[in-house]
Novice: 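Here's a structure for you.
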Amino acid sequence: MSTKLQAIRGMNDLLPDQSPAWQYLERQLRSLMDRYDYREIRTPIVEQTALFARSIGEATDVVEKEMYTFDDRNGESLTLRPENTAAVVRAAMEHGLLHNQTQRLWYMGPMFRYERPQKGRYRQFHQIGIEAYGMTGPDIDAEIILLSARLWRQLGMAEHVTLELNSLGSPEARAAYRESLVAYFESHHELLDEDSRRRLTTNPLRILDSKNPAMAEMLADAPQLLEHLDEESRTHFEQLKSTLDAAGIGYRINPRLVRGLDYYSRTVFEWTTTALGSQGTVCGGGRYDGLVEQLGGKPTPGVGFAIGLERLMLLLDTLDLVPEEAKGGADAYLLAMGDSAEREALLLGERLRDVLPTLRLQVHCGGGSFKSQIRRADRSGATVALILGEDEIANGRLTLKPLRDGSEQRTLELDDAITWLDQQFA
RNA sequence: GUGGGUGUAGCUCAGUGGUAGAGCCCCGGAUUGUGGCUCCGGUGGUCGUGGGUUCGAUCCCCAUCAUCCACCCCA
């Protein structure tokens, strides 16, 4: 057995080649939240275990087998957050954010689930999410869906994602439906496969999602969730759909769409893609009107979604949607030859940064031949090499050597060189 | 937790029961202060790990670990 030090399974390093793309994505997300006037909330990565058990649902896979749970030194059971809605509710209640007021919040950060990693699924992964509290009507449901739709347009991937929509109804309607569904499945017990028999007690709604062709016919005749909606939920759903229609947002009604966490009610939705293999859900959300009360607060409606950033990043990469200018790199590379060249270069670099605050400048360190320094300048990706040789130092000049467009190099008075750089890179 | 694929140089991968290979990358030189193209040279490996078979194992066998994909579930 190897004793090599390495990252924990399913937890990935983000290397410098990838970080410009992530920064681009994060910039897009933050600016979008800002444009809708949602406000950021940051909560700890660790919470009391009970918070997640009580909100997500004791019998869900997430709570039963996917949480990173451990005892603190004082014996208290802690858990690395597997999602962030519960923690946001906890923080909002704790600080009075839900007292007679509405809130539009967003968060972004790492989540942890102990699962077998595969494409688009990792043990430490990142989500950005929205939480809107205190609003009952379908208008706020529509707003967050419109916001997400704008994001896909902003990123240039609107044609590659599909909105799937469903309503779970009130908790009572959902429970009643669940009962009739279990009764139906039990009357066809002999047709159920092993997985489905297990789910009969754990999550019968999930059986509808089975990919087993042998069960297709039986599933087609199963009671429909949408036919068991209570009147209020039906109206809510109809209004949401008509708003989306009016806004030109296409969607597919998916009566089998059942979100995995217990706290959802009424509206649920997912944005999915076929470009990522098996993990096609890029964004999932819905309404959770009972959650705040369930966690000990006054009844407060809530609605939100979460986007998996690794999946979104994978999609951007696959579709080649990260703009070239977002990829970073230096504008200029300053190199120097001659006595005390290293110090002269560092001092000149500081002076350039003083007068050219937007210039991205790398100063060569570590010596080496002139030739190797020029080569480094080229490989740095800089568009121009700034050459400070003995001649230049002696005469107060600087040589500018364009590396990309084939134009001639020029040796200028320092002030003229600064003017030129200002024009190029301001 | 289950199933399948893959572990050889920093990266992508060949390869053979008999002392370890290519391309790319990196470094140096051809070119005293001029990169990319070309040519020459060089650095770099406990062949994932442990055990077994064998005169001899990177290769065959067993175990184990890692990784990828899929199931399950989810973002």
Side-chain angles (χ1 to χ4, degrees), chain A residues 1-10 12 15 17 56 59-66 82-85 108-129 148 193-196 198-199 202-203 206-207 209-212 257-261 269-273 276-286 304-315 333 335-338 341 364 366 368-393 399-404 406 408-409 411:
Chain A
M1 174 164 147
S2 170
T3 56
K4 218 168 24 178
L5 290 173
Q6 55 187 313
I8 304 303
R9 171 191 294 229
N12 301 311
L15 301 179
D17 274 356
I56 297 171
T60 59
D61 276 13
V62 169
V63 170
E64 272 187 350
K65 51 185 197 187
E66 294 176 1
E83 56 99 52
N84 208 31
T85 295
M108 179 158 60
M111 310 293 159
F112 302 84
R113 289 182 203 172
Y114 188 88
E115 299 179 276
R116 287 289 282 262
Q118 69 188 73
K119 188 182 181 73
R121 192 178 65 193
Y122 309 100
R123 288 186 175 182
Q124 176 177 338
F125 62 105
H126 297 77
Q127 289 184 331
I128 187 167
S148 59
D193 58 24
E194 190 185 342
D195 256 359
S196 300
R198 179 176 54 77
R199 280 184 278 193
T202 58
N203 197 344
R206 271 276 158 207
I207 300 176
D209 236 350
S210 171
K211 293 158 190 162
N212 187 344
L257 176 59
V258 179
R259 317 246 54 257
L261 315 183
F269 66 92
E270 285 185 1
W271 287 93
T272 61
T273 177
L276 293 184
S278 158
Q279 308 301 323
T281 302
V282 137
C283 170
F305 67 66
I307 293 172
L309 294 186
E310 277 78 5
R311 290 180 189 179
L312 189 49
M313 198 60 239
L314 222 42
L315 198 50
Y333 190 102
L335 57 98
M337 289 298 288
H364 180 87
S369 66
F370 191 85
K371 179 192 173 71
S372 71
Q373 291 193 36
I374 284 276
R375 191 163 50 225
R376 290 280 195 85
D378 180 41
R379 290 177 189 172
S380 76
T383 49
V384 62
L386 310 181
I387 300 169
L388 186 64
E390 288 174 328
D391 296 348
E392 286 86 350
I393 292 173
T399 294
L400 310 169
K401 178 182 171 62
L403 297 168
R404 308 294 158 207
E408 286 296 305
Q409 75 177 44
T411 301

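Here is the naming used below: chain letters follow the sequence lines, and residue numbers restart at 1 for every chain. Heavy-atom basis, side chains included; hydrogens, waters and symmetry copies ignored.
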Novice: Please evaluate the base of B/U34 for a donor-acceptor partner in the side chain of A/Lys371 within a cut-off of under 3.5 Å?
Specialist: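 It does not, because no donor-acceptor pair links the side chain of A/Lys371 to the base of B/U34 below 3.5 Å.
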Novice: Would one find a side-chain N or O of A/Ser372 under 4.0 angstrom from OP1 or OP2 of B/C27?
Specialist: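 For A/Ser372, the contact criterion (side-chain N or O under 4.0 Å from OP1 or OP2 of B/C27) is not met.
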Novice: Provide, to the nearest angstrom, the distance between the CG atom belonging to A/Leu403 and the P atom belonging to B/G35.
Specialist: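 Taking atom P of B/G35 as the reference, CG of A/Leu403 is at 11 Å.
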Novice: In terms of the angle between their ring planes, are A/His364 and A/Tyr333 parallel, tilted or perpendicular, with boundaries placed at 30° and 60°?
Specialist: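 Rings of A/His364 and A/Tyr333: tilted, 30 to 60°.
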Novice: Is the distance from OP1 or OP2 of B/C27 to the nearest side-chain N or O of A/Arg376 less than 4.0 Å?
Specialist: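 The answer is yes; a side-chain N or O of A/Arg376 sits under 4.0 Å from OP1 or OP2.
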Novice: Using Watson-Crick or G-U wobble geometry with both distances below 3.5 Å, tell me the partner of B/A22, or none.
Specialist: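 By the stated definition (distances under 3.5 Å), B/U12 pairs with B/A22.
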Novice: Would you say A/Arg199 places a side-chain N or O within less than 4.0 Å of OP1 or OP2 belonging to B/C73?
Specialist: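 Yes, within the criterion.
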Novice: Under 4.0 Å between a side-chain N/O of A/Gln118 and OP1 or OP2 of B/A70, yes or no?
Specialist: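 For B/A70, OP1/OP2 do have a side-chain N/O of A/Gln118 under 4.0 Å.
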Novice: Applying the Watson-Crick and G-U wobble criteria at under 3.5 Å, what pairs with B/G7? Answer none if nothing qualifies.
Specialist: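 Paired with B/C65.
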Novice: Looking at A/Gln409 and B/G33, is any side-chain donor or acceptor paired with a base atom of the opposite kind under 3.5 Å?
Specialist: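 There is none.
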Novice: Could you tell me how far apart A/Phe269 (CZ) and B/A75 (P) are, to the nearest whole angstrom?
Specialist: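 Atom-to-atom, A/Phe269 to B/A75, this comes out as 11 Å.
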Novice: Taking atom P in both B/A9 and B/G45, compute the distance separating them and give it to the nearest angstrom.
Specialist: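 The same atom, P, in both gives a distance of 10 Å.
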Novice: Using Watson-Crick or G-U wobble geometry with both distances below 3.5 Å, tell me the partner of B/U2, or none.
Specialist: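 In the structure as shown, B/U2 has B/A70 as its Watson-Crick or wobble partner.
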Novice: Just name whichever nucleotide pairs with B/G36, Watson-Crick or G-U, keeping both distances under 3.5 Å, else none.
Specialist: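 Pair assignment: B/G36 / none.
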Novice: What is the pairing partner of B/C59, taking Watson-Crick or G-U wobble pairs with both distances under 3.5 Å in any strand?
Specialist: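 With both distances under 3.5 Å required, B/C59 matches none.
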Novice: So, is A/Arg379 close to the B/C27 phosphate, meaning a side-chain N or O under 4.0 Å from OP1 or OP2?
Specialist: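 Yes, within the criterion.
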Novice: Can a donor-acceptor pair be found, under 3.5 Å and without considering hydrogens, that links the side chain of A/Arg113 to the backbone of A/Val62?
Specialist: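 No; judged by distance alone, with no hydrogens or angles, the pair does not exist.
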Novice: Do A/Thr281 and A/Glu270 meet the criterion of a side-chain donor-acceptor pair at a distance under 3.5 Å?
Specialist: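 Result is yes, a qualifying pair exists.
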Novice: Between B/C65 and A/Arg9, is there an OP1 or OP2 to side-chain N/O distance shorter than 4.0 Å?
Specialist: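 The answer is no; no side-chain N or O of A/Arg9 sits under 4.0 Å from OP1 or OP2.
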Novice: Measure distances between side-chain N and O atoms of A/Gln279 and base N and O atoms of B/C69, and say whether any donor-acceptor pair falls under 3.5 Å.
Specialist: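 It does not, because no donor-acceptor pair links the side chain of A/Gln279 to the base of B/C69 below 3.5 Å.
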Novice: Check whether any side-chain heavy atom of A/Arg376 sits under 4.5 Å from a side-chain heavy atom of A/Leu335, and report yes or no.
Specialist: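 Counting from C-beta outward, A/Arg376 and A/Leu335 never come under 4.5 Å.
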Novice: For B/C73, take OP1 and OP2 only and decide whether either is under 4.0 Å from a side-chain N or O of A/Arg206.
Specialist: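 It does not, given that no N or O in the side chain of A/Arg206 lies less than 4.0 Å from OP1 or OP2 of B/C73.
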